[in-house]
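Presented below is the structure to which this report refers.
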Amino acid sequence: MAEVLVYVDHVDGAVRKPTLELLTLARRIGSPVAVALGAGAANTAAALAEHGATRVLTHDASEYADYLVVPKVDALQAAVEAVSPAAVLVPSSAEGKEIAARLALRIGSGIITDAVDLEAGDAGPVATQSVFAASFTTKSRISKGIPVITVKPNSAAVEAAPADAAVSELSVTFSAQATGTKVTGRTPRESTGRPELTEAAIVVSGGRGVNGSENFAIIEALADSLGAAVGASRAAVDAGWYPHTNQVGQTGKSVSPQLYIANGISGAIQHRAGMQTSKTIVAVNKDAEAPIFDLVDYGVVGDLFDVVPALTQEINTRKG
């Protein structure tokens with residue numbers, strides 16, 4: 001069976017969920033070979049093997065932490081040369097897409113970004129994408145070289161498939177460009193205790209109808225009752241009601257959770273482009289003609305200041 005390279009997104013050896021999703025998708029088209037780089041790379045092997053990796057290639061060097069993405073591209077290029085894979089899968093984060101683009105250019109291959117599904121095809125892997133502000137779904141494949149594909153988080157359910165993974169060290173020679181851009185400092189992101197927005201299984205968002213930063217407390221309360229991430233529309237962040245890092249939309253972050261709850265959001269195309277691939281969509285809006293209702297699975301016509309606290313209370317009652 002052909003081998004498929006999977007770039008491992010991890011933090012000091014703790015494998016992040018999007019990588020486990022990639023392993024699930026990789027098994028559809030071949031035998032997953034995971035590539036883990038940086039501090040703690042060797043500690044990823046158990047989790048990767050539990051989710052189907054048949055081989056784990058690791059490499060640790062200070063360059064991965066001290067410089068930007070080029071050392072990681074050097075390492076992935078070395079892995080491609082060592083394995084000759086049928087495809088290379090990378091999580092669709094901002095860094096992941098830069099790594100994938102640079103790798104595709106280096107190996108003379110095509111690239112597909114933000115895939116939401118992956119299947120085997122006679123002429124190579126076929127990727128499903130949601131395009132043109134999520135108005136259309138397309139299927140495409142790479143016609144030249146080794147396909148490099150980035151996949152959006154929450155595109156596949158994580159499935160355990162224990163394998164006997166052989167762990168070996170990857171031989172990497174860094175290019176002259178690897179040390180061109182040095183990281184001079186890091187500021188840890190302030191923890192909210194909530195899931196990462198792009199990886200969360202549930203997202204609760206607020207829009208213009210929230211009518212003020214102080215009112216986002218009721219959105220946060222609903223999110224916390226569900227163990228969800230908090231999102232916001234462009235109108236809300238532009239008004240200064242919530243941080244831009246939480247914006248969902250065409251000019252913000254794209255999310256694809258199992259459940260998306262939109263509160264006081266009209267449903268303009270800018271916002272829809274960032275959440276339309278969510279598995280189940282619920283909207284609360286007092287305007288029965290709001291465009292968001294054309295998209296939802298369940299809609300509540302009502303004042304969010306009445307509906308959201310009542311929903312939060314009911315959830316907490318059932319949990320308690």
Distance check, rounded to the nearest 0.5 Å: [X] atom [atom1] versus [Y] atom [atom2]?
{"X": "S140", "Y": "Q129", "atom1": "OG", "atom2": "CD", "value": "4.0 Å"}
{"X": "T58", "Y": "E169", "atom1": "OG1", "atom2": "CD", "value": "5.5 Å"}
{"X": "L89", "Y": "L22", "atom1": "CG", "atom2": "CG", "value": "5.5 Å"}
{"X": "I315", "Y": "L226", "atom1": "CD1", "atom2": "CG", "value": "4.0 Å"}
{"X": "R318", "Y": "S225", "atom1": "CZ", "atom2": "OG", "value": "12.0 Å"}
{"X": "R234", "Y": "I265", "atom1": "CZ", "atom2": "CD1", "value": "14.5 Å"}

Please list every donor-acceptor pair under 3.5 Å in which a side-chain atom of residues 61-78 meets a protein atom from a residue at least two apart or in another chain.
from	atom 1	to	atom 2	distance (Å)
Y64	OH	H59	ND1	2.8
K72	NZ	E95	OE1	3.2
K72	NZ	E95	OE2	3.1
D74	OD1	R106	NH1	2.6
D74	OD1	R106	NH2	2.9
D74	OD1	S175	OG	3.2
D74	OD2	S175	N	2.9
D74	OD2	S175	OG	3.0
Q77	OE1	R106	NH1	2.8

### Message
Could you go through K279 and S256, starting from their C-alpha distance and side-chain angles, then the distance that decides it, and tell me whether this counts as side chain to side chain donor-acceptor pair (under 3.5 Å)?
### Response
CA-CA 7 Å; K279 309 306 181 291; S256 188; 3.2 Å; yes
If you look only at distance, which donor and acceptor atoms sit under 3.5 Å apart when one is on a side chain in residues 209-219 and the other is two or more places apart or in another chain?
from	atom 1	to	atom 2	distance (Å)
N215	ND2	V210	O	2.9
N215	ND2	N211	O	3.1

How about [X]: does its [atom1] atom have over 12 heavy atoms from other parts shown lying under 6.0 Å from it?
{"X": "R194", "atom1": "CZ", "answer": "yes"}
{"X": "Q313", "atom1": "CD", "answer": "no"}
{"X": "K144", "atom1": "NZ", "answer": "no"}

Side-chain heavy-atom pair [X], [Y] within 4.5 angstrom cut-off:
{"X": "Q276", "Y": "S130", "result": "no"}
{"X": "P153", "Y": "K17", "result": "no"}
{"X": "T19", "Y": "P91", "result": "yes"}
{"X": "L105", "Y": "R102", "result": "no"}
{"X": "D287", "Y": "F293", "result": "no"}
{"X": "V80", "Y": "P85", "result": "yes"}
{"X": "V203", "Y": "M275", "result": "no"}
{"X": "S168", "Y": "L57", "result": "yes"}

Of all heavy-atom pairs between [X] and [Y], which one has the smallest distance, and what is that distance?
{"X": "V284", "Y": "G302", "result": "CG1-O, 4.0 Å"}
{"X": "G207", "Y": "S233", "result": "CA-OG, 3.2 Å"}
{"X": "A34", "Y": "V8", "result": "CB-CG2, 3.7 Å"}
{"X": "A115", "Y": "I149", "result": "CB-CG2, 3.9 Å"}
{"X": "A232", "Y": "V237", "result": "CB-CG1, 3.8 Å"}
{"X": "A200", "Y": "P257", "result": "O-CB, 3.4 Å"}

Ignoring hydrogens and angles, tell me if any N or O in the side chain of [X] forms a donor-acceptor pair with the backbone of [Y] under 3.5 Å.
{"X": "D297", "Y": "V282", "value": "no"}
{"X": "N263", "Y": "S205", "value": "yes"}
{"X": "S109", "Y": "I146", "value": "yes"}
{"X": "R27", "Y": "A161", "value": "no"}
{"X": "Q270", "Y": "Q250", "value": "yes"}
{"X": "T24", "Y": "L20", "value": "yes"}
{"X": "N246", "Y": "V230", "value": "yes"}

### Task
Would you check, one step at a time, whether the test side chain to side chain contact (heavy atoms under 4.5 Å, CB included) holds for L23 with E50?
CA-CA 10 Å; L23 290 171; E50 178 66 23; over 6 Å; no
### Message
Does T192 form a side chain to side chain contact (heavy atoms under 4.5 Å, CB included) with E220? I'd like the steps, not just the answer.
### Response
CA-CA 10 Å; T192 63; E220 293 176 331; over 6 Å; no
### Message
Determine whether E21 and V151 satisfy the following criterion, side chain to side chain contact (heavy atoms under 4.5 Å, CB included), listing intermediate values before the conclusion.
### Response
CA-CA 9 Å; E21 296 172 9; V151 181; 5.9 Å; no
Please say yes or no: joined through hydrophobic side-chain contacts below 4.5 Å, possibly via intermediate residues, are [X] and [Y] part of one cluster?
{"X": "V88", "Y": "L37", "value": "yes"}
{"X": "L311", "Y": "I281", "value": "no"}
{"X": "L197", "Y": "Y242", "value": "no"}
{"X": "V4", "Y": "I111", "value": "no"}
{"X": "V6", "Y": "I107", "value": "no"}

### Task
Using ring pair (Phe, Tyr, Trp, His ring centres under 6.0 Å) as the criterion, list what pairs up with Y260, not counting sequence neighbours.
H271
### Query
Per the side chain to side chain contact (heavy atoms under 4.5 Å, CB included) rule, which among L5, V56, L48 passes with V33?
L5
### Query
Is a salt bridge present between R141 and D122, judged by a nitrogen-to-oxygen distance below 4.0 Å?
no
### Query
Do NZ/NE/NH1/NH2 and the carboxylate oxygens of D114 and K97 come within less than 4.0 Å?
yes
### Query
Are H244 and D238 close enough, and set up right, to give a side chain to side chain contact (heavy atoms under 4.5 Å, CB included), and what steps lead you there?
CA-CA 8 Å; H244 280 272; D238 283 352; 3.4 Å; yes
### Task
Apply salt bridge (Lys or Arg N to Asp or Glu O under 4.0 Å) to K286 and D306, showing your working.
CA-CA 10 Å; K286 63 183 180 182; D306 296 327; over 6 Å; no
